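Taking it in order: structure first as structure tokens, then the write-up.
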Amino acid sequence: MADHLKEPYVLQSVAHALTVLDLFQRHPGPLTLNEVSKLVGQGRSSAYRILTTLKAAGYLEQEPGTQGYRLGLKLVRLAWSALGQVDLRRIARPHLEALGQLTEETVHLAILHQDSALFIDKVESHRPLSSMGSFVGWAAPMHCTASGKLLLAHAAEAAWQQVLATPLQAYTAHTMVAPDALRSELENIRQVGYAEDREEVTDGLHCLAAPIRDATGEVVGTVSISGPTGRIVPRRADLLTTLQERAAAISRDISAYPGAWPRR
């Protein structure tokens with residue numbers, strides 16, 4: 001269980017239920033009772049009571065055939081309600097659509113949330129092999145996605161230390177898993193002002209990300225372009241220019257609306 005759920009006055013029964021919900025984000029379902037019990041470190045009886053309660057409330061559903069559990073549609077309604085309160089998403093949306101039309105590639109909007117790059121909006125490309133199956137609400141890894149690396153590069157040193165001290169998962173043969181190499185990459189991102197994912201999370205996929213800044217110059221989000229390497233790399237310079245222009249436009253717009261972005 002996360003440390004912040006062990007603080008005084010936190011109801012442990014609720015904390016255990018939230019831990020189970022978080023589990024389905026890290027391990028997309030369906031998950032069986034035995035799998036949930038093992039992954040959260042709860043006995044079968046306790047895990048069953050939690051699963052039954054969440055199912056009764058509509059936060060989990062159970063598959064008729066396998067009896068495995070998966071996230072319920074009630075969570076989708078909650079997620080969209082939460083996203084509707086993020087003004088950054090509303091302000092950036094016209095720019096995301098314009099960027100999608102100009103580049104014909106998939107566009108994402110992301111913010112730093114806890115230890116991930118949280119995707120809060122997406123404009124899907126209509127071209128084949130357009131993206132890596134990302135979705136709004138995806139908590140993307142920091143060390144191997146363009147948005148994640150860009151957000152991490154502009155985060156505090158403590159965030160760097162936390163990520164670099166944790167074993168880095170290799171998603172492809174191109175994923176950076178050496179802490180020294182990642183640190184050098186982050187330092188370079190700070191210098192050049194953008195980030196790239198060179199098939200680091202999905203084979204054959206290349207991504208470019210540019211920062212969104214508030215009126216003080218703080219990086220509060222990212223806008224990115226994703227597509228097959230064969231389409232992105234030959235147009236890299238032009239795509240990067242277009243991407244940075246749109247990121248700057250979003251930055252100007254949110255600077256006119258204090259409070260238009262979620263604070264960490």
Side-chain angles (χ1 to χ4, degrees), residues 76-127 130-132 134-140 142 145-156 159 186 188-197 206-227 232 235-264:
V76 176
R77 296 197 296 271
L78 281 176
W80 279 109
S81 178
L83 287 172
Q85 300 173 34
V86 179
D87 285 343
L88 171 59
R89 183 172 178 268
R90 174 181 57 80
I91 292 169
R93 182 68 190 188
H95 297 287
L96 303 185
E97 292 175 348
L99 185 58
Q101 290 176 355
L102 288 168
T103 64
E104 298 186 301
E105 301 295 353
T106 297
V107 177
H108 295 100
L109 179 68
I111 59 173
L112 180 62
H113 179 67
Q114 297 179 352
D115 58 354
S116 301
L118 179 64
F119 283 27
I120 63 173
D121 207 352
K122 175 181 181 179
V123 174
E124 186 74 71
S125 170
H126 297 296
R127 302 182 73 180
S130 57
S131 71
M132 63 283 204
S134 59
F135 54 91
V136 174
W138 183 41
M142 301 288 283
T145 57
S147 291
K149 288 190 289 184
L150 183 55
L151 290 167
L152 182 58
H154 292 280
L186 297 175
N188 182 65
I189 289 170
R190 280 188 171 180
Q191 293 296 318
V192 300
Y194 63 89
E196 289 188 74
D197 162 9
H206 200 102
C207 306
L208 300 168
I212 298 170
R213 300 177 183 272
D214 65 14
T216 69
E218 179 185 356
V219 174
V220 295
T222 69
V223 59
S224 63
I225 301 170
S226 304
I232 298 293
R235 300 187 295 152
R236 179 182 176 281
D238 290 339
L239 289 174
L240 186 57
T241 297
T242 303
L243 174 65
Q244 290 176 316
E245 288 173 349
R246 283 293 160 178
I250 297 171
S251 299
R252 287 193 297 271
D253 283 357
I254 69 166
S255 294
Y257 296 92
W261 51 90
R263 289 295 181 183
R264 296 184 289 277

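These numbers come from a predicted model, not from an experiment.
Between the Arg89 side chain and the Ile120 main chain, a donor and an acceptor come within less than 3.5 Å of each other. With hydrogens and angles ignored, the 3.5 Å screen pairs no side-chain donor or acceptor of Ser224 with any backbone N or O of Ala209. Arg213 contributes no side-chain N or O that, together with a main-chain N or O of Val219, makes up a donor-acceptor pair within less than 3.5 Å.
Shortest non-hydrogen contact noted between Leu150 and Ala195 is CB-CB, 3.8 Å. Here the closest heavy-atom approach between residue Gly193 and residue Pro211 is recorded as O-CD, 3.2 Å. The heavy-atom pair separating Ile212 from Ser251 by the smallest distance is CA-OG, 3.5 Å. Between Ala146 and Leu208, the closest heavy-atom pair is CB-C, 4.2 Å.
Every pair tested for salt bridge (Lys or Arg N to Asp or Glu O under 4.0 Å) that includes a residue from residues 238-248 fails, sequence neighbours excluded, so the list is empty.
Residues that satisfy the side-chain contact (heavy atoms from CB on, under 4.5 Å) test with Gln244, not counting sequence neighbours, are Tyr194, Ala210, Leu240. Residues passing the side-chain contact (heavy atoms from CB on, under 4.5 Å) test with Ser116 are Ala139, sequence neighbours excluded. For Glu97, the side-chain contact (heavy atoms from CB on, under 4.5 Å) partners at least two apart in sequence or on another chain are Arg93, Val123. Listed by chain and residue number, Ala117, Phe119, Trp138, Thr145 satisfy the side-chain contact (heavy atoms from CB on, under 4.5 Å) test with Ala140 (two or more places apart in sequence, or in another chain). Residues satisfying the side-chain hydrogen bond (donor to acceptor under 3.5 Å, both in side chains) criterion with Ser147, sequence neighbours excluded, are Thr222.
Arg235 contributes atom CZ, which lies 12.5 Å from atom OG1 of Thr241 (distance to the nearest 0.5 angstrom). Taking CD1 from Ile111 and CG from Leu118, the interatomic distance works out to 5.0 Å, rounded to the nearest 0.5 Å. To the nearest 0.5 Å, atoms CD (Glu104) and CD1 (Ile225) are separated by 11.5 Å. For the atom pair CG of Leu186 and CG of Leu152, the computed distance is 4.5 Å after rounding to the nearest 0.5 Å. Note that NE2 of His108 and CG of Leu96 are 10.0 Å apart. Values are rounded to the nearest 0.5 Å. Considering CD1 of Ile254 and CG of Asp214, their distance stands at 6.0 Å, rounded to 0.5 Å.
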(request) Test Lys149 against Glu196 for salt bridge (charged side-chain N to carboxylate O under 4.0 Å, His left out), laying out the working first. (result) CA-CA 8 Å; Lys149 288 190 289 184; Glu196 289 188 74; over 6 Å; no
(message) Please determine whether side-chain contact (heavy atoms from CB on, under 4.5 Å) holds for the pair Leu109 and His95, giving the CA-CA distance in whole Å, both sets of side-chain angles, and the decisive distance to 0.1 Å.
(response) CA-CA 10 Å; Leu109 179 68; His95 297 287; over 6 Å; no
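Between Glu124 and Thr106, the side chains place a donor N or O and an acceptor N or O closer than 3.5 Å (distance only, hydrogens not considered).
Using a 4.5 Å heavy-atom threshold, the side chains of Asp121 and Val107 count as separate.
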